[in-house]
Amino acid sequence: MKSAITVLKEQFKHFNLIRRISLYELRNNNNANYLGLAWEIISPVIQIAIYWLVFGYLISGGQGREIPNPSGGTFEFFPWLVSGLIIWMFFQPAATQGAKSIYSRLRLLSKMNFPMSVIPNITIFSKFYPHLILVVLTIILMQFTGYPISVYMLQLPYFMIATFAFTYAFVLLMTTLTTLIRDIQLLLQATLRMVLYLTPILWVSHKLPDPLVIVMKLNPLYYLVEGYRASLMGQNGWYFINSWEYTIYFWVVTAIIFMIGAALHIRFRRHFIDFL
């Protein structure tokens, strides 16, 4: 617990530093491109279009797909897909790049005078800015696809904060393990390819047998995807209240991952430079 409190204090103390450096990295990574920062939106939009073409059109023989609503009626596949996929567009690059954020900067960090725990957050913040834009674009899209702004959208900020919190907890753990054992980075990349298909982003969870759904819900991303859809489409209403047991489970898992990650980080960060 002491390590977790220390890491949290470091994030709040250096928040302005995290914000400035993350914006710098975001611009610097796109300086060589003619379209610059626009690629931060163009790239995920292209990926979403590919997933829609394959899973929403070609896989159904060109007839298009509709997603059954457990409460009755159906959802159009495209807005249903986008409302869940935008989380993956943020989490996947934040996790893979954040996991190597410390060991890829070890030479630089040896000359810096700020705690290493802020480095993963810099990477996450640089991915969170495009995510905010995608969320806004998704809200606009919903207005033209039959899902106007509703009172349920008030829970969207909560789920965005939950997404950021889980991502940081996960990345803090992974970046420490990756610095100690470089093979973890390759294992993480391979595992995340599988996690996409174990999360209800491309498929409907309520069609599965109940025991299998319970197993799938062990994945915290399940909670976040369903929460975003509840916010943007009104699916499942006030999801964090209606599924309060799952809300508690999500935050307990996030807290456990964060405390383990913080404890390992505090214990080994003085020795990170030895792994260069």
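Contact annotation: the side chain of Leu188 approaches that of Phe170 to within less than 4.5 Å [non-hydrogen atoms, C-beta and beyond]. Looking only at side-chain heavy atoms (C-beta outward), Thr178 and Thr175 stay at 4.5 Å or farther from each other. Between Trp88 and Val225 the shortest side-chain heavy-atom distance does not fall below 4.5 Å. Side chains of Leu134 and Met89 form a contact here, defined as non-hydrogen atoms less than 4.5 Å apart. Looking at heavy atoms from C-beta onward, Ile46 lies in side-chain contact with Ile50 at the 4.5 angstrom threshold. Between Ile48 and Phe78, some side-chain heavy-atom pair lies under the 4.5 Å cut-off. Between Leu186 and Asp183 there is no side-chain heavy-atom pair separated by less than 4.5 Å.
Listed by first then second residue, pairs satisfying side chain to side chain donor-acceptor pair (under 3.5 Å) with a partner in residues 155-170 read Gln11-Tyr168, Tyr158-Tyr223, Tyr158-Trp251, not counting sequence neighbours. Pairs of residues two or more places apart, or lying in two chains, never qualify as salt bridge (Lys or Arg N to Asp or Glu O under 4.0 Å) while including a residue from residues 187-202. Counting only residues at least two apart or on different chains, the salt bridge (Lys or Arg N to Asp or Glu O under 4.0 Å) pairs with a member in residues 220-229 are Glu226-Arg229.
For the atom pair Ile266 CD1 and Ile5 CD1, the distance stands at 11.5 Å (nearest 0.5 Å). Going from atom OH of Tyr51 over to atom CD of Gln47 covers 6.5 Å, rounded to the nearest 0.5 Å. One distance of note links CG of Leu232 with CH2 of Trp80; it measures 13.5 Å at 0.5 Å rounding. How far OG1 of Thr96 is from CZ of Phe91: 9.5 Å, rounded to the nearest 0.5 Å. How far CG of Leu177 is from CD of Gln185: 11.5 Å, rounded to the nearest 0.5 Å. Note that CE of Met116 and OG of Ser101 are 11.0 Å apart. Values are rounded to the nearest 0.5 Å.
Between Phe159 and Tyr239, the angle of the ring planes lies from 30° to 60°, which puts this pair in the tilted group. Taking the six-membered ring for Trp and thresholds of 30 and 60 degrees, Phe128 and Phe90 have ring planes more than 60 degrees apart, a perpendicular arrangement. Using bins of under 30°, 30° to 60° and over 60° for the plane-to-plane angle, the ring pair His131/Tyr228 lands in the tilted bin.
The two atoms that bring Met233 and Pro79 nearest to each other are SD-O, 3.9 Å, heavy atoms only. Considering every non-hydrogen atom in both Val171 and Ala94, the closest pair reads CG2-O, 3.7 Å.
Atom CH2 of Trp238 has more than 12 neighbouring heavy atoms from other residues, nucleotides or ligands inside a 6.0 Å radius. In this structure, Arg19 places its CZ atom where more than 12 heavy-atom neighbours from other residues, nucleotides or ligands lie under 6.0 Å away.
In terms of modelled atom types and a separation under 3.5 Å, the side chain of His265 and the main chain of Gly261 share no donor-acceptor contact. Formation of a donor-acceptor pair under 3.5 Å by the Thr123 side chain with backbone atoms of Gln97 is not found in this model. Judged by distance alone, with hydrogens and angles left aside, the side-chain atoms of Gln143 form a donor-acceptor pair with the main-chain N or O of Ile149 at under 3.5 Å.
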TODO: Take Val136 and Ile133, measure what side chain to side chain contact (heavy atoms under 4.5 Å, CB included) needs, and give me the verdict at the end.
DONE: CA-CA 5 Å; Val136 172; Ile133 298 175; 5.7 Å; no
- [ ] Could you check Ile139 against Met153 for side chain to side chain contact (heavy atoms under 4.5 Å, CB included), going step by step and ending with a plain yes or no?
- [x] CA-CA 9 Å; Ile139 293 174; Met153 199 168 290; 3.9 Å; yes
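Judged by a 6.0 Å distance limit and a 45° cone about the ring axis, Lys217 is positioned over the six-membered ring of Tyr246.
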